[in-house]
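In what follows, a single structure is set out as structure tokens and then discussed.
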There are 2 protein chains.
Amino acid sequence: MEALESVLVIEDDKMIRELLRLTLEKKFLILEASTARRSWEILTQHHADAIVMDLNLPDFCGLKLIKNIRKNHTHIPIIVLSGEKDDARKVQCFNVGADDFVEKPFCTDLLVARINAHLKRCKELNGLSNIEANDSLPSDSEQQMELNGWVVDPLKFQLFDKQGHSADLSSREFCLLQYFLMNEGRAISRQELCEAVREKNYVPTPRALDVKIARIRKKICGPKGGAQIIKTIRGVGYMLNLEN
Amino acid sequence: MEALESVLVIEDDKMIRELLRLTLEKKFLILEASTARRSWEILTQHHADAIVMDLNLPDFCGLKLIKNIRKNHTHIPIIVLSGEKDDARKVQCFNVGADDFVEKPFCTDLLVARINAHLKRCKELNGLSNIEANDSLPSDSEQQMELNGWVVDPLKFQLFDKQGHSADLSSREFCLLQYFLMNEGRAISRQELCEAVREKNYVPTPRALDVKIARIRKKICGPKGGAQIIKTIRGVGYMLNLEN
DNA sequence: AAAATACGTAACAAAAATGAAACAAAAATA
DNA sequence: TATTTTTGTTTCATTTTTGTTACGTATTTT
């Protein structure tokens with residue numbers, strides 16, 4: 001009784017996405033995203049066995065997205081699909097954690113074959129490691145992100161200190177913080193931040209964001225504040241600065 | 001201290017073989033074969049971590065060679081290098097067990113990147129299988145998983161305490177719990193949980209899941225609850241935490 | 001320097017998420 | 001078919017999260 005494997009397709013071009021869906025849905029359960037943002041949502045809410053993604057997305061750099069996904073999903077096969085001709089950029093994809101690169105235009109059968117090859121590998125891995133299925137623990141240790149003494153645990157949607165105490169962030173506070181982490185060192189407008197955390201039935205106003213950030217600050221810096229990690233950029237928005 | 005990884009190059013064209021050697025020997029220990037026959041010899045006498053092979057060999061059909069190698073070397077990455085333009089034949093390669101296909105002419109950097117990607121995967125595999133190999137022997141009898149004083153018996157679809165008393169979980173409650181066990185330490189969204197236990201004619205709503213979890217909790221923690229093993233991650237879903 | 005603006009903060013109110021119990025429906029079993 | 005078990009639904013209580021408002025302070029503008 002084999003369950004159908006699921007493939008997340010991240011592609012902004014509607015035509016190509018359609019093509020991919022039609023081709024792949026015969027063999028896999030398809031999850032679709034047209035933006036990086038949507039792909040994060042899906043990845044936190046669903047299980048995916050593999051990812052096929054375009055490199056050029058409207059809202060986020062493809063390379064960064066790969067890095068980011070790899071941080072939270074150590075083993076998931078990531079297959080990049082792109083019209084990119086430049087070999088150096090292809091190499092970059094592999095360096096940030098991609099497993100394969102398929103140039104557009106592509107042969108659908110070949111893509112399926114490649115996906116299957118990667119899935120086969122993953123199955124071998126999982127077969128060996130039923131117990132080890134929580135692959136996050138051992139491998140995370142090399143990649144865990146630090147933030148002012150806190151350890152970021154995306155799998156648990158939470159920040160922990162060295163003693164394992166939680167920072168008690170709400171899930172949305174944590175999402176917002178993740179967005180800061182992904183855009184570290186860059187000033188982000190309120191507007192963009194609102195977009196970033198927006199969901200169905202949840203659209204915060206810029207002012208509401210101020211409060212949200214104040215709450216995050218209080219939780220991760222202590223009541224005295226100390227050196228603010230999330231800096232205020234007057235007239236613009238906020239910025240996360242790790243190095244200092 | 002990382003040992004240099006070894007790559008077996010199977011290629012009859014002397015020029016290309018030379019090129020491959022020059023490129024790859026900076027990163028890997030290179031083994032060379034110009035015929036299928038020679039490649040068998042090498043594989044029986046040496047250890048190789050990956051294979052880069054031409055599809056057109058003088059003495060043997062490339063596809064058959066792949067099949068053959070795969071029979072004896074289940075996990076070794078096989079990267080086919082060929083001038084073949086026909087997509088159907090490429091697909092064939094994957095079907096007989098190849099892991100990758102690179103068309104000639106090729107970018108050497110990209111080839112290196114691809115080899116590395118596959119090697120990385122294999123290392124993950126080996127890392128895990130070592131652990132597995134170690135504790136499978138001594139703890140064979142303790143293969144059973146423990147959960148807050150309960151012993152998980154997947155064959156009986158049930159939890160038992162030390163005295164052998166059943167926790168009286170229904171089969172679906174048990175399935176859900178198993179999914180938690182497989183994803184221990186990670187927050188799982190309601191959506192994903194619903195999909196995980198879903199069957200034909202059985203698609204629980206997220207809300208129904210809350211009730212199901214409440215029932216599991218009551219059965220395995222006692223009416224007082226005690227420290228919840230299945231934690232609630234507000235705004236996300238639930239998470240099983242064994243260590244604490 | 002006064003006014004306007006931007007932001008921090010606290011307190012309160014509104015909304016949302018979840019737990020619990022009771023009941024109803026469905027499924028399994030005798 | 002009758003009975004038991006399992007599952008889903010509804011309702012209500014509780015907790016948590018979030019937004020709003022009001023006010024204070026700092027910064028910029030005039």
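On a predicted model such as this, the values are computed, not experimentally measured, just so you know.
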message: Checking salt bridge (Lys or Arg N to Asp or Glu O under 4.0 Å) between B:D99 and each of A:R114, A:K120, A:R121, which is the one that passes?
response: A:R121

- line: Of the candidates D:dT15, C:dA10, D:dT7, the side chain of B:R215 sits closest to D:dT7

message: Rounded to whole Å, how long is the line connecting atom CZ of A:R172 with atom C1' of D:dT16?
response: 12 Å

Given DNA chain D, 5'-ward residue of the pair A:P204 and B:R207, judged by closest heavy atom: B:R207

statement: Tested for side chain to side chain donor-acceptor pair (under 3.5 Å) against A:E173, the lone hit among A:Q158, A:K219, A:K212 is A:K219

message: Using a 4.0 Å heavy-atom cut-off, does A:S171 contact any base of the nucleic acid, only the sugar-phosphate backbone, or nothing at all?
response: nothing

message: For a quick check of understanding: with a heavy-atom distance under 4.0 Å over all strands, which category does A:L209 fall into, base, sugar-phosphate or nothing?
response: nothing

Rounded distance (Å) that lies between atom P of C:dT5 and atom CD1 of A:I233: 22 Å

- request: Calculate the interatomic distance between B:K212 atom NZ and C:dA27 atom P; express it in whole Å.
  value: 13 Å

field: Whole angstrom value for the distance that separates P of D:dT6 from CZ of B:F174
entry: 15 Å

d(CZ, A:F157; P, D:dT17) in whole Å: 14 Å

task: Find which nucleotide of DNA chain C each of B:G237 and A:V236 is nearest to by heavy atoms, and output the residue with the more 5' nucleotide.
output: A:V236

query: Would B:E195 and A:H46 count as having a side-chain donor-acceptor pair, cut-off 3.5 Å?
result: yes

message: Assess whether a salt bridge exists between A:E41 and A:R198, defined as any Lys/Arg side-chain N lying under 4.0 Å from an Asp/Glu carboxylate O.
response: no

field: Distance in angstrom units between A:R234 CZ and C:dA4 P, rounded
entry: 16 Å

task: Output the single nucleotide from D:dG8, C:dT18, C:dT9 whose closest atom is nearest the side chain of B:Y202.
output: D:dG8

- prompt: Just wondering, more than 12 heavy atoms not from B:F157 lying within 6.0 Å of its CZ?
  reply: no

A:T232 side-chain N/O to C:dA6 phosphate OP1/OP2 under 4.0 Å: no

- request: Specify the separation, in whole Å, of atom CG of B:D210 and atom C1' of C:dA21.
  value: 14 Å

query: Within the pair A:Y238 and C:dA6, is there a side-chain N or O less than 4.0 Å away from OP1 or OP2?
result: no

message: Taking 4.0 Å as the cut-off, does a side-chain nitrogen or oxygen of B:S170 come that near to OP1 or OP2 on D:dT7?
response: yes

- line: Whole-Å distance, B:K218 NZ to C:dA20 P, equals 8 Å

query: At under 4.0 Å between heavy atoms, what does B:I213 touch on the DNA or RNA strands: base, sugar-phosphate, or nothing?
result: nothing

- prompt: Just to confirm, is there a sub-4.0 Å distance from OP1 or OP2 of D:dT9 to any side-chain nitrogen or oxygen of B:T205?
  reply: yes

